[in-house]
Amino acid sequence: MKLFLKRILWILGIVYNSSMAARLPGEFSGEFIIENRGYLKSGQYGNSGRHDLSFSLQPEFTVAWDQDRKVIAFEPFGRISSLDNERSHVDIRELSFVGSWDLFEVRVGISKVFWGVAESQHLVDVINQTDLVESPDGEDKLGQPMINIAYVNDFGNFEIFLLPYFRERTFSGTDGRFRGELVVDTDKTVYLSSDKQSHIDGAFRWSHYMGEMDWAISYFEGTDRVPELKAKTDGTGLEPIYGQAKQVSLEMQYIVGDWLLKAEFLSKDTELYGAYWASVTGFEYTFANCYKGMDLGILYEYLYDDRESFARSGLDKASFGGVRLALNDEKGFVFLIGSIFDHQSGHLCNTFLESSRRINENWKWALEGIFFEHPKSASFLEQVKRDSYLQASLSFFW
Amino acid sequence: MKLFQSKIIFALLVISFSCTEALCQEIVPEKERGLWVARQIDQEDAGFVNQVSKATMTLRNKQGQESTRSMTIKSFEVEGDGDKSLTIFSSPRDVKGTAFLSFTHALEPDDQWLFLPALKRVKRISSNNKSGPFMGSEFAYEDISSQEVEKYTYQYIRAEEVLEAKGHVIERVPVDPKSGYTKQIVWVDGETWRIGKIEFYDRKRSKLKTLTFSEYKQYSNKKWRASRMEMENHQTGKSTELIWTDIKFGLDLTERDFDQNALKRAR
């Protein structure tokens with residue numbers, strides 16, 4: 001507990017120091033979150049704590065000039081968790097310069113890049129490593145050092161990425177949830193490439209749109225963001241092994257009236273577990289302004305992975321269905337509920353919900369939950385079946 | 001008969017006084033007079049090249065509770081097509097950094113992209129939802145998007161004084177069946193073609209909202225802009241006030257400042 005208090009003081013120190021930045025030209029903003037997560041059951045591997053009170057802080061400092069064509073941004077991030085030491089962590093989400101010169105745009109530094117169109121899974125998104133301790137949904141990412149050059153002409157946006165430093169995935173510690181029987185020991189990371197963490201990864205991307213159709217074709221070559229987890233010889237934990245991988249991906253979205261038709265295809269060749277292909281295809285239909293300005297959206301996506309025993313998530317043929325309600329009121333109330341159905345077992349395997357509402361100009365509350373049911377045996381979901389949680393958070397934005 | 005003739009003469013007199021353009025409207029056939037007025041408004045606005053301004057919306061509910069939204073809006077005139085615009089939100093603070101890119105087209109659907117800063121994600125969105133509220137305000141998306149002449153059919157109603165000048169009242173009917181309105185009544189002054197007021201009628205043909213423009217200022221490029229717009233919803237008692245500040249024209253902007261890369265850079 002003492003350590004916990006120390007960390008709070010340390011975070012407040014960051015707030016104080018970053019408030020000094022307000023005197024510099026540019027803009028200083030950010031978000032402070034108090035998050036209270038309650039697990040419905042105690043974990044199955046001795047990780048019996050059911051309550052995780054955590055605080056996170058993400059200040060943002062930006063300077064923009066030349067009609068916003070040049071921007072410097074700095075966005076550190078930190079979280080302290082009462083449950084899991086590994087979840088208490090810091091990262092630099094952004095520390096970059098981006099400049100646009102007519103048809104060219106250059107981004108240098110630590111940054112974040114999103115690829116994809118689907119909602120249930122971000123299949124083709126590969127530039128940034130997942131900050132898995134943040135949330136099991138994998139949407140949170142670690143800052144990635146990069147040089148990114150974009151060239152725009154009438155045939156679309158052509159981008160190259162040089163990624164000179166590899167970020168390791170974060171994993172829960174002994175007291176944390178979302179882990180298997182053995183804890184991942186991130187001090188024992190193994191790289192198959194002799195360049196290890198300084199292997200230079202690269203990517204190329206072409207994105208364009210025509211009428212109601214948007215698409216992107218991308219190629220990535222470098223250290224696989226997904227490690228293989230192998231038991232250490234002494235049996236005390238797991239060591240993450242990072243191999244090399246190449247992948248080609250295609251993503252498309254087509255709008256027909258109130259329908260968004262989406263598809264992501266991935267063909268990936270990995271050093272550790274061979275070649276495979278996977279896809280997410282689906283739609284989002286919105287009953288726009290259906291009652292007093294509110295939007296009701298229906299989402300469906302089909303998840304496919306051609307690896308017969310896609311053991312990690314247990315989802316090689318699955319369907320995602322969801323409903324999104326946005327009141328579009330002055331408080332910006334939104335509610336999203338979704339479930340993943342496994343076609344092989346014929347069961348729902350997890351359900352999640354997200355909801356948020358603004359309190360006033362600076363405050364907002366949010367509710368989030370993930371519930372696991374009927375996981376396929378020997379899959380990653382089987383290991384986390386007792387990790388269903390409900391979380392309430394209060395955010396302060398400035 | 002005589003009375004009838006004098007009525008016509010009187011009407012013609014009113015019309016000719018209400019119109020300072022060389023192309024005077026008494027020579028415009030009555031059927032096309034509404035469209036003619038719309039074209040005058042459009043021509044008066046043409047040649048603004050680009051505009052950057054800050055906008056603050058104050059939303060008021062029936063009980064008088066207020067909330068605000070502030071944003072920077074950049075717009076770019078495109079020859080032979082609708083305007084391009086980039087809207088960057090700065091408050092409420094939870095949506096700070098969210099940005100909206102829109103390419104307006106006369107008759108085809110607009111192209112729209114949304115930038116979500118938390119995920120750094122650009123999402124193409126359907127422009128079908130034009131009747132929905134913009135940021136929870138009384139303005140619908142279609143009220144704030146670029147007004148192209150082809151988006152409506154027009155009918156002339158009458159000559160009337162608008163903004164202390166001789167003006168016109170026209171009715172316009174949205175061409176797009178997805179519009180939330182059956183018609184709009186527009187009051188416009190006939191000298192500088194400034195809009196004074198717009199009344200909106202919902203799908204049930206009842207009066208829904210009134211938008212009043214005021215505090216017009218003329219800028220160095222001769223363009224008139226209202227600094228204040230007040231949208232009143234007659235059915236809910238809610239209202240939204242939109243205040244424009246720091247209006248600048250003719251900045252060094254190109255189409256590259258209105259693409260998806262610019263959307264991602266927006267802060």
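Within every chain, numbering begins at 1; the chains are lettered A, B, ... in the order of the sequence lines, protein sequences first and strands thereafter. Bear in mind the structure is a predicted one, so any value in this text is a computation, not a measurement.
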K.L.:
Can you see whether Glu361(A) engages Ser91(B) through a side-chain donor-acceptor pair at a distance of less than 3.5 angstrom?
P.N.:
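Note: Glu361(A) and Ser91(B) side chains meet the donor-acceptor criterion.
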K.L.:
Report which part of Glu212(A) has an atom under 4.5 Å of a heavy atom belonging to chain B: side chain, backbone, both, or neither.
P.N.:
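Contact with chain B is through both the backbone and side chain of Glu212(A).
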K.L.:
Heavy-atom distances under 4.5 Å only: say whether Ala150(A) touches chain B with side chain, backbone, both or neither.
P.N.:
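Ala150(A) touches chain B through side-chain heavy atoms alone.
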K.L.:
Does a side-chain N-to-carboxylate-O contact under 4.0 Å join Asp68(A) and Arg267(B)?
P.N.:
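Here Asp68(A) does not pair with Arg267(B) in a salt bridge, since their nearest N and O are not under 4.0 Å apart.
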K.L.:
Residue by residue, which of residues 284-293 of chain A have a heavy atom closer than 4.5 Å to a heavy atom belonging to chain B?
P.N.:
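From residues 284-293 of chain A, the residues near chain B are Glu284(A), Ala288(A), Asn289(A), Gly293(A).
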K.L.:
Is there side-chain contact between Val152(A) and Glu255(B), with heavy atoms separated by less than 4.5 Å?
P.N.:
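Side-chain contact under 4.5 Å: no.
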K.L.:
Non-hydrogen atoms of chain A under 4.5 Å away: do they reach the side chain of Gln260(B), the backbone, both or neither?
P.N.:
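Interface part for Gln260(B): side chain.
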K.L.:
What residue in Thr68(B), Asp252(B), Leu251(B) has the most heavy-atom pairs under 4.5 Å with chain A?
P.N.:
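That would be Asp252(B).
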K.L.:
Sequence neighbours excluded, which residues qualify as ring-ring contact (aromatic ring centres under 6.0 Å, His included) partners of Phe76(B)?
P.N.:
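Applying ring-ring contact (aromatic ring centres under 6.0 Å, His included) to Phe76(B) gives Phe258(B).
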K.L.:
Run the salt-bridge test on Lys178(B) and Asp258(A) with the 4.0 Å N-O cut-off and return the result as yes or no.
P.N.:
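Salt bridge: yes.
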K.L.:
If you check every heavy atom in residues 226-238 of chain B against those of chain A, which residues fall under 4.5 Å?
P.N.:
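Contacts with chain A: Lys238(B).
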K.L.:
Enumerate by number any residue of residues 117-125 of chain B whose heavy atoms lie under 4.5 Å from heavy atoms of chain A; in the absence of such residues, state 'none'.
P.N.:
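Those residues of residues 117-125 of chain B which have a heavy atom under 4.5 Å from chain A are Ala118(B), Leu119(B), Lys120(B), Arg121(B), Lys123(B), Arg124(B), Ile125(B).
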K.L.:
Is it the side chain or the backbone of Lys364(A) that comes within 4.5 Å of chain B heavy atoms, both, or neither?
P.N.:
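The side chain, not the backbone.
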K.L.:
When you check the gap from the basic side-chain N to the acidic O, do Arg93(B) and Glu31(A) get nearer than 4.0 Å?
P.N.:
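Looking at Glu31(A) together with Arg93(B), the answer is no, because their closest N to O distance does not fall below 4.0 Å.
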K.L.:
Do Asp214(A) and Trp113(B) meet the criterion of a side-chain donor-acceptor pair at a distance under 3.5 Å?
P.N.:
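Asp214(A) vs Trp113(B): donor-acceptor pair found between side chains.
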K.L.:
With only heavy atoms counted, which part of Arg358(A) is less than 4.5 Å from chain B, the side chain, the backbone, both or neither?
P.N.:
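Just its side chain gets close to chain B.
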